[in-house]
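Keep in mind that what you see is a predicted model, and the values were worked out from it rather than measured. Chain letters run A, B, ... following the sequence lines, proteins first, then strands; residues in each count from 1.
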Protein chains: 2
Amino acid sequence: MARPRKPLLSRDRIVATAGALVDREGLDAVSTRRLAAELGVSGPSLYNHFRTKDEILEAVADAVSARVDLSMFEEGDARDWRTALHDWAVSYRAALREHPHIVPVLARGPGRRPAGLRVADAVFGAMVRAGWPPAQATYIGALMRYFVTGSALSSFARGFVDDEAAYDPADYPHLGQAHLLAERREQVDEGAFETGLRALLDGLVLQYATVRGGRTEARGEGSAVRGDGSEARADGSAGAEA
Amino acid sequence: MARPRKPLLSRDRIVATAGALVDREGLDAVSTRRLAAELGVSGPSLYNHFRTKDEILEAVADAVSARVDLSMFEEGDARDWRTALHDWAVSYRAALREHPHIVPVLARGPGRRPAGLRVADAVFGAMVRAGWPPAQATYIGALMRYFVTGSALSSFARGFVDDEAAYDPADYPHLGQAHLLAERREQVDEGAFETGLRALLDGLVLQYATVRGGRTEARGEGSAVRGDGSEARADGSAGAEA
DNA sequence: ACCTGAACACCGTTCAAGT
DNA sequence: ACCTGAACACCGTTCAAGT
C-alpha cells in the first residue's frame with residue numbers, strides 16, 4: 001500500500017474522529033491504534049500529522065473552545081459588562097457540558113490553544129472597555145474560568161454516564177434509581193452554578209463601584225496604574241486560556 | 001521469597017509512597033511497576049492491598065482532603081458563616097497547592113472518599129446552622145468547590161514546574177525570564193483567587209439577606225421548603241465531595 | 001510526502017505457584 | 001495471607017522500507 005496518491009488523513013479528519021470517539025467513549029478510549037483503526041489506517045500514520053497523541057487531544061479541546069459564543073463581547077453589542085459576562089459563562093458552560101469527557105484536557109492545558117487564547121482576549125478586551133482596570137480585567141477572565149471549568153469538571157465527575165460502570169448492579173438493582181440519582185445531581189449542579197454565578201457577578205458589581213469610585217481620588221497615580229495594567233495585559237494574553 | 005513472615009506492604013505505606021512519587025514526579029510517573037519497585041516489591045504485590053491503581057490514587061487524593069482545616073465549621077467556633085467560608089476556602093486551596101499533581105484526581109472523582117465527604121458535610125452543616133435553607137447550603141458547598149478546585153487546577157496547569165519541559169531553551173535562553181513568567185502567573189492566580197473569593201462571598205451575603213428577608217413572608221410554605229431541603233441534603237451528602 | 005509492519009520499552013491486571 | 005514470575009492484552013512512539 002505505502003503512500004496513496006491522495007492522502008488518506010488530514011489534521012481535520014483526525015481531530016473530528018478523535019472528538020467523536022472522546023464524546024462517545026471517553027478519554028481513555030482514545031489510543032493511537034484505536035483512533036487509527038477508526039480512520040482506516042495503521043497507528044503510526046497519525047505521526048505524519050501530529051507530533052504526539054497529546055497534540056491531538058489539545059486540538060480536540062480547542063475545537064470545543066471555538067464553539068463558545070463571544071458575540072456579547074463585540075464592540076457593537078449593547079449588553080452591559082455584567083450581562084455579557086453572565087451570558088458568556090452560560091454559553092461557556094454549555095459548550096463544556098456538551099463534551100464533558102474533554103473537559104479535563106481543557107482545564108489543565110497551558111495556553112497554547114488558539115481558540116482558548118481568543119476567549120481570554122475577548123473577555124479581557126470587553127472588561128477593559130467597560131472601565132475595569134487592566135489588572136482586574138485579567139483577574140476576571142481567570143476567576144470566571146476557574147468557576148466554569150470547575151463546575152463542568154465536577155458535573156462530569158458526578159454524572160451518571162461515567163459512573164455507570166462503577167455502580168454495582170447489586171447495590172443498585174433498579175436502573176430507574178440510578179437515573180433518579182443522576183437527575184438529582186444535575187439539579188444540584190444547575191442550582192449551584194446559577195447561585196454561584198449570580199453571587200460572583202453581584203460581588204463584582206460591588207467591586208466595580210469601589211474601583212470606579214476610587215479612580216478620581218487616585219488620579220495622581222494614573223501612570224502607575226497604567227503600568228500595572230500593561231503588565232497584567234501581557235500576562236493575561238500569554239498565560240490565560242479557556 | 002514468596003510470603004514473608006511480616007508483611008512487606010500496608011495500605012498506608014503504599015499511599016504514602018505513591019503520594020511522595022506523585023508530588024515529586026507527577027501523576028504519569030506512577031505506574032504499578034514503578035511504585036512497587038520503590039516499595040521494594042514486585043508489581044502485582046500491590047493488588048493484595050488495593051483492587052486497582054486508581055484506588056491507590058483516590059486514597060492519595062483523600063489524604064490531601066484530610067488536611068483541609070475544618071475547625072471554622074465547628075459548633076463552638078465564633079466565626080460568622082462568611083468568615084468561616086473564607087477561611088475554609090483559603091485553607092482548602094492551600095492544601096491543593098501543596099500537592100498540585102493530584103488535583104486532577106481530586107477534581108474528577110465521584111464522592112467515595114471519606115475525607116472528601118467529611119468536608120462537604122462540615123460545610124453543609126455549618127451553613128444550615130447559620131440559617132441557610134438546606135437547598136442553598138448544598139449549593140454553597142458545591143459552588144465553593146467549583147471555584148477552589150478550578151483555581152487549583154488552572155494554577156497547576158500554568159505553573160512553571162510543569163511547563164519546564166515544554167519551554168524550549170532556544171525560545172527562553174534566560175532561565176531568569178522563565179522564572180519571571182512563573183512569578184507573574186502566580187501573581188495573577190493569587191489576585192484572581194482573592195478577587196473571585198471576595199466577589200463570591202459578597203454575592204452570597206446579598207442572597208442571604210434576600211433568603212432571610214423572604215422567610216417570614218413564605219411562612220405558610222414552611223413544610224414545602226423543608227421537604228426541598230431534605231432532598232437536597234440527601235443529595236449533598238451522597239454526591240458532593242471535596 | 002505519506003503510509004506500512006516491525007520493533008522498543010513500556011503499561012494494568014490476572015493467575016498459578018510458592019510459603 | 002501475601003509475595004513471586006510469567007503471561008495477556010494492551011500502550012505511545014520510532015524507524016527503515018515502500019511508493
Output all residues satisfying side-chain contact (heavy atoms from CB on, under 4.5 Å) with Ala63(B), sequence neighbours left out; order by chain, then residue number.
none

Can you tell me if Arg67(A) has over 12 outside heavy atoms packed within less than 6.0 Å of its CZ?
no

To the nearest angstrom, the CD-C1' distance between Glu58(B) and dG12(C) comes to 16 Å

Of all residues at least two apart in sequence or in a different chain, which pass the salt bridge (Lys or Arg N to Asp or Glu O under 4.0 Å) check with Arg34(B)?
Glu25(B), Glu38(B)

Please name all residues satisfying side chain to side chain donor-acceptor pair (under 3.5 Å) with Asp12(B), sequence neighbours left out, ordered by chain then number.
none

C1' atom, dA9(C) versus dA9(D): distance in rounded Å?
16 Å

May I ask you to list the residues of residues 15-41 of chain A, by number, that have any heavy atom positioned under 4.0 Å from an atom of DNA chain C?
Arg33(A), Val41(A)

With sequence neighbours left out, write down each residue that passes salt bridge (Lys or Arg N to Asp or Glu O under 4.0 Å) with Asp69(B), or none if nothing qualifies.
none

Where does DNA chain C pair, written as one dot-bracket string 5' to 3', with Watson-Crick or G-U pairs under 3.5 Å, ( ) inside the strand, [ ] for crossing pairs and | for another strand?
||.|||||...|||||.||

Would you please name every residue forming a side-chain contact (heavy atoms from CB on, under 4.5 Å) with Asp23(B), sequence neighbours left out?
His99(B)

Please enumerate all residues that pass side chain to side chain donor-acceptor pair (under 3.5 Å) together with Glu55(A), with sequence neighbours excluded.
Arg51(A)

Quick note, Pro4(B) side chain, CB onward, closest among dG5(C), dT4(D), dC3(D) is dC3(D)

Can you measure Glu55(B) atom CD to dG12(C) atom P for me and round it to whole angstrom units?
15 Å

Spacing between Leu8(B) atom CG and dC2(D) atom P, to the nearest angstrom:
11 Å

Please identify each residue that fulfils side chain to side chain donor-acceptor pair (under 3.5 Å) with Glu98(B), with sequence neighbours left out.
none

Using ring-ring contact (aromatic ring centres under 6.0 Å, His included), reason through Phe193(B) and Tyr139(A) one step at a time and then give a plain yes or no.
CA-CA 8 Å; Phe193(B) 178 73; Tyr139(A) 295 159; over 10 Å; no

Distance in angstrom units between Arg11(B) CZ and dA1(D) C1', rounded:
16 Å

Proximity to the side chain of Lys53(A) - top-ranked nucleotide from dC3(D), dT13(D), dC3(C):
dT13(D)

Looking at DNA chain C, which of residues 45-52 of chain A put a heavy atom within less than 4.0 Å of it?
Ser45(A), Asn48(A), His49(A)

Can you name the side-chain contact (heavy atoms from CB on, under 4.5 Å) partners of Val128(B), sequence neighbours left out?
Phe124(B), Ala137(B)

Roughly how many Å is it from CD1 in Ile56(B) to P in dC11(C), rounded to a whole number?
14 Å

Sorted by chain and residue number, the side-chain contact (heavy atoms from CB on, under 4.5 Å) partners of Ala18(A) (sequence neighbours excluded) come out as Leu35(A), Ile56(A), Val60(A)

